[in-house]
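The sequence lines fix the lettering, A, B, ..., with proteins before strands; numbering per chain opens at 1.
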Amino acid sequence: ARHHAGVFILRVEDTDPARNTEEAYHAALYDLRWVGLDWDEGPETGGQFGPYRQSERDQLYREAGLKLLEEGRAYRCYCTPDELDARRKHALAEKRKPMYDERCFHLSDEERETFEAEGRPSAVRFRVPESGSITFTDIVRGEVVTDNEQIEDFVILRSDGSPLYQLAVVVDDVGMQITHVIRGDDHLSNTPKQILLHQALGGEPPVFAHVPQVSGQDGKPLSKRHGSVSVKEFREGGYLPEALMNYLALLGWGTAEDTIMQSPELIERFRIEDVHSSPARFDHAKLEWMNGEYIRLLPLEDLATRLEPWLAKEGLIKEPPTESERELLAKVVPLINTRIRRLDEAAVLARSLFMDVEMDPAAVNKAMKDAHVRQLLERAVVSLEELTDWRYDLIEERLRQIQQEMELKPKTAFGPIRVAVSGTLVSPPLFESMEILGKDESLRRLRGALATMGGTSKDEL
RNA sequence: GCCCCCAUCGACUAGCGGCCCAGGUCGCCACCCUUUCAAGGUGGUAGCACGGGUUCGAAUCCCGUUGGGGGCACCA
């Protein structure tokens, strides 16, 4: 819609009371907005063809259904759901196509009157022509032909009088002057039914584009067992909406050279007619990579703001942050922005810069057991104590000097110091971290590490 | 069972009869950079499902096989 400067309409198709809840409705709108979809017409936004929730347009559909009944385009069906279900299973067992047998269409007047006299409830079925076929040109599928004999007489009004999706959609497509419908290809087989309804209701069917559904790594339809599959899960998993949007656009579509395309470029380049008709597999690894790209694309101040809730959640800062926390965060962000791919990773990586941490036993085991460590830390403490101008480059200068004097490899020299300061073997850059922590805290941590090694106490230093 | 789709590296894709002994991206591997981890740089790995046609020429067109997927509700 944006590519063609069209009108983007959001319609909520909630005709099934059994599946429709107020929470689900609000969650859906929230998710759509979060990924960056901004409809021109729709619920809460409004528009000249509202309301945009089908549950609020019930009367329209009932009238349309009854009109079709009067015109003889539809008929009453007295079969109960149980009966239909039994017949469907029977047909399947006999390896026949499970279609409605049209028995109520062939009811005699007496039979019909008997049913009515019994007070048997009836649903309304649309009468599909016996022969002929429906043809339409789908933007991604091309010409689609369906023989009418493959289409059963489908229900348009339930026995309680409420409308079904097929009817509601067509009534609204006509009433809302819909020109294009872009939807998942699970609706492909519904399309001929809707075209039939369009013809019966006297409207021009819209143009359809059926895009393939996304599948998991194994080629099976995307489901829970493939990991995160809902917008909510990605949001809560530390993904950026811009990255999700970019990644999703690339599923079933692509360009020769470019991968990272932000919204304006996507709008300019995306062509629905170039979308594949075969399903694409969702690749979490590529999304992760792309999310990292988007994190690095963010100005540092913006990244800091986006990180706030995540750090607050882990108790590293308050929400909203205090002024000093904000200043600290501003210093930390440039140290970690190339090191995280998801927003939630920041808290893990930078924890030691916000609070005191215990040394990780595994890290201690790996880096602190060598014979040179005690002397190394002692010398570091002595040397750094003398440092008055606490800057990372000067810290590095001092520590490097010790490293060279002791003839240690950088890794064996800085590893133990890193563990002493950050508690782990993997951390933001060491010298910058120490500058951020400050002289007192850095020295306190070095002495603390020495103390855990037994022997010389920190007082003696 | 019936109807309908789809098929290029492990994944997402470019390709729309000669420019392709197939290009890009993720992943993976190696190297460089380097205080860890990343990021970044360089290079590499790997594919037109198969079999027939059509054509001077096929990843591109046609047919079949195989393999995947979707649909067949008083759900959407």
Side-chain angles (χ1 to χ4, degrees), chain A residues 13-16 18-20 54 77 79-81 84-85 88 91-100 121-125 141-142 144-147 149-152 154-166 168-169 183-190 210 212-213 215 217-221 247 250-260 274 276-290 292-293 295-296 335-341 345 349 363 367 396 399-400 403 409-415 417-419 422 424-433:
Chain A
E13 298 180 338
D14 54 352
T15 48
D16 184 7
R19 301 201 316 190
N20 181 37
Q54 293 190 324
C77 171
C79 303
T80 67
L84 293 168
D85 200 44
R88 194 174 300 121
L92 245 15
E94 290 186 348
K95 301 187 187 261
R96 294 194 336 265
K97 188 174 167 67
M99 291 214 313
Y100 180 60
S122 62
V124 176
R125 283 185 188 273
R141 294 301 197 110
V144 178
V145 183
T146 310
D147 289 331
E149 57 186 35
Q150 292 297 329
I151 308 171
E152 69 171 359
F154 53 96
V155 175
I156 54 177
L157 293 179
R158 295 185 181 89
S159 50
D160 67 359
S162 66
L164 270 91
Y165 165 77
Q166 308 282 17
V169 167
R183 55 169 32 164
D185 66 8
D186 48 333
H187 281 295
L188 193 67
S189 63
N190 285 329
H210 287 92
Q213 298 186 81
S215 58
Q217 295 86 329
D218 55 1
K220 303 283 184 227
Y247 178 70
L250 258 24
L251 250 27
W253 175 82
T255 65
E257 303 297 330
D258 297 308
T259 304
I260 300 292
D274 292 339
H276 281 19
S277 50
S278 56
R281 296 169 196 233
F282 197 99
D283 182 3
H284 278 81
K286 189 162 184 176
L287 205 216
E288 283 246 343
W289 163 79
M290 187 170 281
E293 290 290 305
I295 282 177
R296 273 167 257 133
L335 262 40
I336 63 171
N337 79 120
T338 61
R339 280 168 247 266
I340 57 174
R341 307 184 120 197
E345 292 172 331
L349 222 206
E396 174 168 6
L399 294 180
R400 236 175 240 293
Q403 170 240 321
K409 284 191 291 188
K411 189 170 181 171
T412 42
F414 303 135
I417 299 175
R418 181 183 306 281
V419 174
S422 74
T424 63
L425 278 165
V426 175
S427 79
L430 179 58
F431 314 121
E432 288 86 340
S433 295

Sugar-phosphate, base or nothing in reach of A/R19, heavy atoms under 4.0 Å: base
Distance below 4.0 Å between A/R88 side-chain N/O and B/A73 OP1 or OP2: yes
Between B/C9 and B/C21 - C1' atom distance, rounded Å: 15 Å
Residues which pass ring pair (Phe, Tyr, Trp, His ring centres under 6.0 Å) with A/Y100, listed by chain and number, not counting sequence neighbours: none
Separation of atom CG in A/N337 from atom P in B/A38, rounded to whole Å: 15 Å
Minimum-distance pair of heavy atoms, taken over all atoms of A/M99 and A/E149: CE-O, 3.2 Å
Touch class at under 4.0 angstrom, heavy-atom based, for A/N190 against every strand present: base
Nearest-angstrom distance from the residue atom OH of A/Y100 to P of B/C3: 23 Å
B/U8 versus B/G15 - spacing of their C1' atoms, nearest Å: 9 Å
A/F414 side chain near A/Q403 side chain, heavy-atom distance below 4.5 Å: yes
Touch class at under 4.0 angstrom, heavy-atom based, for A/L250 against every strand present: sugar-phosphate
Residue whose nearest RNA chain B nucleotide is more 5′ - A/P98 or A/P221: A/P98
Touch class at under 4.0 angstrom, heavy-atom based, for A/P81 against every strand present: base
For atom CG of A/D16 and atom C1' of B/C74, their distance in whole Å: 10 Å
A/F282 CZ to B/C26 P, straight-line distance once rounded to whole Å: 17 Å
Touch class at under 4.0 angstrom, heavy-atom based, for A/E288 against every strand present: nothing
B/A38 phosphate, OP1 or OP2, under 4.0 Å from A/R341 side-chain N/O: no
Test of ring centre spacing under 6.0 Å for A/H284 and A/Y247: no
Sugar-phosphate, base or nothing in reach of A/E432, heavy atoms under 4.0 Å: base
Sugar-phosphate, base or nothing in reach of A/P212, heavy atoms under 4.0 Å: nothing
Separation between the C1' atoms of B/G64 and B/A22, rounded to whole Å: 26 Å
Base B/C37 to side chain A/R339, donor-acceptor N/O within 3.5 Å cut-off: yes
Rounded P spacing from B/A49 to B/U13 in Å: 15 Å
Sugar-phosphate, base or nothing in reach of A/F431, heavy atoms under 4.0 Å: base
Between B/U42 and B/G51 - C1' atom distance, rounded Å: 42 Å
Watson-Crick or G-U wobble mate for B/A58, both contacts under 3.5 Å: none
Any strand: nucleotide that pairs with B/C37 via Watson-Crick or wobble, under 3.5 Å: none
N/O (side chain, A/R418) to phosphate O (OP1/OP2, B/C37) under 4.0 Å: no
Taking only nitrogen or oxygen atoms into account, show me every contact under 3.5 Å that the protein makes with nucleotides 5-8 of chain B, one pair per line with its distance.
from : atom 1 : to     : atom 2 : distance (Å)
B/C5 : O2'    : A/R141 : NH1    : 2.3
B/C5 : O2'    : A/R141 : NH2    : 3.4
B/C6 : O2'    : A/S278 : OG     : 3.4

Separation between the C1' atoms of B/C19 and B/G71, rounded to whole Å: 42 Å
B/G70 versus B/U60 - spacing of their P atoms, nearest Å: 27 Å
Gap between atoms CG and C1', on A/L251 and B/U25 respectively (whole Å): 13 Å
Sugar-phosphate only, base, or nothing, as touched by A/A123 at under 4.0 Å among non-hydrogen atoms: base
Rounded distance (Å) that lies between atom C1' of B/C74 and atom CG of A/L157: 10 Å
Touch class at under 4.0 angstrom, heavy-atom based, for A/G415 against every strand present: nothing
Donor-acceptor side-chain pairing of A/R281 and A/S215 below 3.5 angstrom: no
Rounded distance (Å) that lies between atom P of B/C9 and atom NZ of A/K286: 14 Å
Distance below 4.0 Å between A/T15 side-chain N/O and B/A76 OP1 or OP2: yes
Whole-Å gap separating C1' (B/U35) and CZ (A/F414): 6 Å
5′-ward residue of the pair A/S159/A/I340 relative to RNA chain B: A/I340
Contact check, side chains of A/V124 and A/V155, non-hydrogen atoms, under 4.5 Å: no
Sugar-phosphate only, base, or nothing, as touched by A/L84 at under 4.0 Å among non-hydrogen atoms: base
Sugar-phosphate, base or nothing in reach of A/L430, heavy atoms under 4.0 Å: base
Spacing of the C1' atoms in B/C2 and B/A59 (rounded, Å): 33 Å
A/Q166 side chain to A/N190 side chain, donor-acceptor N/O pair below 3.5 angstrom: yes
